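Presented below is the structure to which this report refers.
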Amino acid sequence: MPTPVEVGLGNRRLAILDLSPLGHQPMHDAETGNWIVYNGEIYNFRDVRGELEQAGDVFVSHSDTEVVLKAYARWGGRCLTKFRGMFAFALWDARSHSLFIARDPMGIKPLYFVQSGSYFLFSSEVRTLLGTGLVRPRIDQAGLINYLTFGSAYDPFTLVESVRALPPGHALTWTNGTLRQSAYWDLVDDESGRGLTATSISTDSEQGALAQLQPLLEEAVRLQLVSDVPVGVFLSGGIDSSALVSILSRGGVTPSTFSIVFREAEFSEAEHSRAIARKFRTDHHEINISQVDVLTAIPHALGAMDLPTMDGVNTFFVSRETRAAGVKVALSGLGGDEVFAGYSNFRTVPRMERFAQLWKHLPHAVRGSFAAAFSLLSPENDQNRKLASLARDNGRVLHPYFLTRMLFTPGQRDLLLPGADAATIESAAASQCDRLRRALALDPVNRISYLESRCYMLNTLLRDADFMSMSQGLEVRVPLIDHQLAKAVLSLPGAWKLNSTPKKLLVEALAGSLPDDVVHRPKRGFTLPFEHWMRQELRSEIAPVLAQKHIKDGPLGGLLDGNQVQNIWEDFLRGTVSWSRPWSLYVLQRWCELHL
């Protein structure tokens with residue numbers, strides 16, 4: 001007889017599908033006795049529901065939550081292969097007295113867990129776990145190493161000791177205190193051939209591939225319109241967001257578009273978003289803000305961070321203003337750069353790979369002398385520190401890709417975190433090693449695409465987008481990383497993705513619907529003038545937080561070297577370190593003060 005277990009499930013719902021009480025959670029299946037709490041959307045839930053109804057299942061609501069509940073009852077863990085969407089859910093299996101939790105293939109929705117004594121806890125936010133009082137509020141050193149290295153903790157680590165993230169495309173079963181974790185999908189299949197059945201694109205010819213890519217794009221975007229509330233589109237005027245508007249318009253949908261417009265012309269991209277809105281006749285809304293508005297919002301953005309991040313303030317502000325404009329669901333072009341090779345490092349990293357291969361064959365003494373000379377003679381800045389690290393720390397930098405995303409080099413990190421032992425450093429890098437192992441089977445361009453998707457996008461962009469938007473009651477959907485679309489594009493030769501046209505496959509699949517001035521304009525994001533603010537308006541806030549004594553007396557006092565932190569702030573003021581380095585340390589310290 002199963003050991004008695006006390007189970008508690010809770011949910012705070014942002015209602016998007018079936019707004020009635022029948023869609024409320026936790027949701028119970030009277031037939032099986034199972035219960036579920038669920039975060040996200042299954043975009044193809046009507047298709048899955050139809051399949052279940054044909055098999056004899058009867059539904060009482062119109063929500064996708066009930067579809068997940070019924071799908072599990074019929075197919076068990078294999079139900080995950082049926083879903084297209086973003087999700088994290090926990091389901092109590094009454095028959096087996098076990099808890100089944102799962103995360104979507106791309107990791108769009110987060111899911112954290114901890115085994116604490118006789119308790120097993122899980123949540124979509126780390127702060128919720130801390131709030132139980134059952135989790136020791138102590139820094140996880142592996143998570144801290146990754147934060148200092150990349151500006152965010154890398155799955156499966158968090159900044160809290162013993163709290164782990166379930167990786168994307170994974171499920172976990174808890175039974176009588178025993179955990180069993182398994183992978184059900186990845187962008188790259190392993191040697192066992194594991195993975196969901198995905199739509200494939202023929203690689204016989206580039207033109208043939210484009211003809212097949214177009215309907216895949218349209219399907220991915222169309223699926224993510226499913227909603228019982230209005231859906232808007234974040235429109236920056238860049239390729240990715242403009243592509244979403246173009247696809248919707250071709251499908252007969254006139255979307256509402258939302259653009260942040262700075263009153264200061266040097267930061268505004270209004271002309272580009274207006275041009276797209278006019279071309280596709282969208283219901284366009286401009287949210288006019290000043291730098292003072294954004295500056296005032298920064299403390300609120302810090303308070304919304306579930307985990308510290310060097311990025312994310314931009315997403316908080318866009319989400320807050322879009323929600324205030326009456327929108328509850330917004331499509332975002334996030335992921336277009338990762339899937340369609342939009343970043344500059346798709347060109348630079350393969351060159352760095354070739355250099356690293358040649359470099360490692362040189363005698364150690366020659367490498368050491370060259371690295372020392374380069375460090376001595378080159379101008380002091382972050383880029384040259386990275387290049388010197390590639391030369392000097394050959395072997396400590398796993399791959400040139402990681403160097404391009406690095407916040408502090410291994411040498412700088414050693415100074416900041418002098419007590420880190422070799423075993424913890426190795427443990428912190430384990431997930432990067434695994435991602436790199438899988439990526440090495442790909443060509444150079446697709447290798448970067450995989451690493452970007454499973455490292456920077458997963459641990460920074462998607463995480464930031466989730467907790468910043470959800471803090472404002474806004475659901476952000478990301479059609480360009482629909483898992484079937486992303487896997488199909490990754491299967492295409494990398495050489496097809498790069499030429500003089502940025503994001504060539506995406507642009508050409510849209511059949512010339514985007515204006516040339518949108519396609520070929522310099523890449524630019526939602527830019528905030530942190531460099532200026534930190535020397536002026538924010539200086540009086542940041543300087544005391546990064547002071548040596550403040551670090552020593554705070555929650556990071558036994559870990560970070562306060563003198564090194566102070567040096568980085570002073571180097572920024574001298575102009576030899578970019579703003580992101582002291583800003584990341586400021587965010588880390590403030591987050592720890594708030595939550596630990």
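Only a predicted model underlies this, so the values are computations on that prediction, with no experimental measurement involved. Basis for what follows: all heavy atoms, side chains included, without hydrogens, waters or symmetry-related copies.
- Ring geometry for H483 against W185 counts as perpendicular: the plane angle is over 60°, on a 0 to 90° scale with 30° as the lower cut.
- A salt bridge between E475 and R477 is present, with a side-chain N of the basic residue lying under 4.0 Å from a carboxylate O of the acidic one.
- Judged purely by distance below 3.5 Å, without hydrogens or angles, the side chains of H399 and Q432 never pair a donor atom with an acceptor atom.
- R463 has a carboxylate O that lies under 4.0 Å from a charged side-chain N of D155, or vice versa, which qualifies the two as a salt bridge.
- Using a 4.5 Å heavy-atom threshold, the side chains of L462 and I481 count as touching.
- By the 4.0 Å N-to-carboxylate-O rule, R127 lies close enough to D306 to be salt-bridged with it.
- With 3.5 Å as the limit, one finds no donor-acceptor pair spanning the side chains of D482 and Q224.
- By the 4.5 Å heavy-atom criterion applied to side chains, Q472 and F316 are counted as neighbours.
- Side-chain contact between V233 and S256: absent, with no pair of heavy atoms (C-beta onward) separated by less than 4.5 Å.
- Residues Y586 and E541 have side chains that bring a donor and an acceptor to within less than 3.5 angstrom of each other.
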Item to complete: Could you please spell out the steps behind the side chain to side chain donor-acceptor pair (under 3.5 Å) verdict for T309 and S152?
Response: CA-CA 5 Å; T309 170; S152 61; 5.7 Å; no

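- Considering all non-hydrogen atoms of both residues, L179 and W174 come closest at CD2-CD1, 3.3 Å.
- Of all heavy-atom pairs spanning V587 and M305, the tightest one is CG1-SD, 3.6 Å.
- Listed by chain and residue number, nothing satisfies the ring pair (Phe, Tyr, Trp, His ring centres under 6.0 Å) test with H550 (two or more places apart in sequence, or in another chain).
- In terms of modelled atom types and a separation under 3.5 Å, the side chain of S241 and the main chain of S236 share a donor-acceptor contact.
- A distance-only check finds a donor-acceptor pair linking the side chain of D104 to the backbone of I108 [under 3.5 Å].
- We find the CZ-CG distance between F340 and L480 to be 6.0 Å, quoted to the nearest 0.5 Å.
- Put simply, the side chain of V329 does not reach to within 4.5 Å of the side chain of E41, judged on heavy atoms.
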Discussion item. Between Y456 and E338, is the side chain to side chain donor-acceptor pair (under 3.5 Å) condition met? List the steps.
Written reply: CA-CA 9 Å; Y456 175 64; E338 288 77 10; over 6 Å; no

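- Results of the side-chain contact (heavy atoms from CB on, under 4.5 Å) test with L129 over T158, V160, V135 single out V135 as the only residue that passes.
- Of the possible donor and acceptor atoms, one in the side chain of R103 sits under 3.5 Å from a partner among the backbone N and O of K109.
- For the atom pair CG of L159 and CZ of R138, the computed distance is 14.0 Å after rounding to the nearest 0.5 Å.
- Cation-pi check for R413 over F408 is not met; the charged atom does not lie both under 6.0 angstrom from the ring centroid and within 45 degrees of its normal.
- S259 contributes no side-chain N or O that, together with a main-chain N or O of V261, makes up a donor-acceptor pair within less than 3.5 Å.
- The minimum heavy-atom distance linking L80 with F87 is given by the pair CD2-CE1, 3.9 Å.
- Using cut-offs of 30° and 60° for the angle between ring planes, the Y343 and F346 rings count as parallel.
- For K497 against V339, the heavy-atom pair with the smallest separation is NZ-O, 4.5 Å.
- A donor-acceptor pair under 3.5 Å is absent between the side-chain atoms of T460 and the main chain of M457, judged by distance alone.
- Counting only distance, with no hydrogens or angles, the side chain of S332 and the backbone of V478 share no donor-acceptor pair below 3.5 Å.
- A donor-acceptor contact shorter than 3.5 Å links the side chain of S469 to the backbone of A465.
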Item to complete: Please assess S453 against L458 for the test side-chain contact (heavy atoms from CB on, under 4.5 Å), listing each intermediate value before the final yes or no.
Response: CA-CA 6 Å; S453 297; L458 172 68; over 6 Å; no

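- Rounding to the nearest 0.5 Å places OG1 of T257 at 12.0 Å from CZ of F234.
- Distance NE2/H595 to CD1/I139: 11.0 Å, rounded to 0.5 Å.
- For the pair G554 and Q589, the tightest heavy-atom approach, listed with the atom from each and the gap, is CA-NE2, 4.1 Å.
- Looking only at side-chain heavy atoms (C-beta outward), Y112 and F122 stay at 4.5 Å or farther from each other.
- Between L573 and R539, the closest side-chain pair of non-hydrogen atoms falls below 4.5 Å.
- Atom CG of L407 sits about 4.0 Å away from atom OG of S584, to the nearest 0.5 Å.
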Item to complete: Let me see the working for S427 and F157 under side-chain contact (heavy atoms from CB on, under 4.5 Å), right down to the final yes or no.
Response: CA-CA 10 Å; S427 176; F157 296 105; 3.4 Å; yes

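- Closest non-hydrogen pair, V327 versus G232, comes out as CG1-N, 4.1 Å.
- Two residues are said to be in side-chain contact when any heavy atoms from C-beta on lie closer than 4.5 Å; R320 and L474 fail this criterion.
- Here the side chains of Y401 and R405 are in contact, with some heavy-atom distance below 4.5 Å.
- For the pair K487 and D186, the salt-bridge criterion is not met [side-chain N within less than 4.0 Å of a carboxylate O].
- Screening E537, E531, H532 against R535 for a side chain to side chain donor-acceptor pair (under 3.5 Å) leaves a single residue, E531.
- Remark: E426 CD is loosely packed, at most 12 non-hydrogen atoms of other residues, nucleotides or ligands lying under 6.0 Å away.
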Worksheet item: Given F402 and C455, is the side-chain contact (heavy atoms from CB on, under 4.5 Å) satisfied, shown in steps?
Response: CA-CA 9 Å; F402 295 108; C455 297; 3.8 Å; yes

Item to complete: Would you please test R581 and S578 for side chain to side chain donor-acceptor pair (under 3.5 Å) and show each step?
Response: CA-CA 6 Å; R581 275 66 178 178; S578 76; 2.9 Å; yes

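- Counting only distance, with no hydrogens or angles, the side chain of N146 and the backbone of A428 share a donor-acceptor pair below 3.5 Å.
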Worksheet item: Are Q564 and Q412 close enough, and set up right, to give a side-chain contact (heavy atoms from CB on, under 4.5 Å), and what steps lead you there?
Response: CA-CA 9 Å; Q564 291 299 324; Q412 291 174 307; over 6 Å; no

Worksheet item: R164 and D140: salt bridge (Lys or Arg N to Asp or Glu O under 4.0 Å), yes or no, with the steps?
Response: CA-CA 10 Å; R164 294 293 177 260; D140 186 281; 3.2 Å; yes

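- A distance of 10.5 Å separates CH2 of W583 from CH2 of W569, quoted to the nearest 0.5 Å.
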Discussion item. Side chain to side chain donor-acceptor pair (under 3.5 Å) for D421 and T424? Distances and angles first, verdict last.
Written reply: CA-CA 6 Å; D421 59 84; T424 305; 2.9 Å; yes

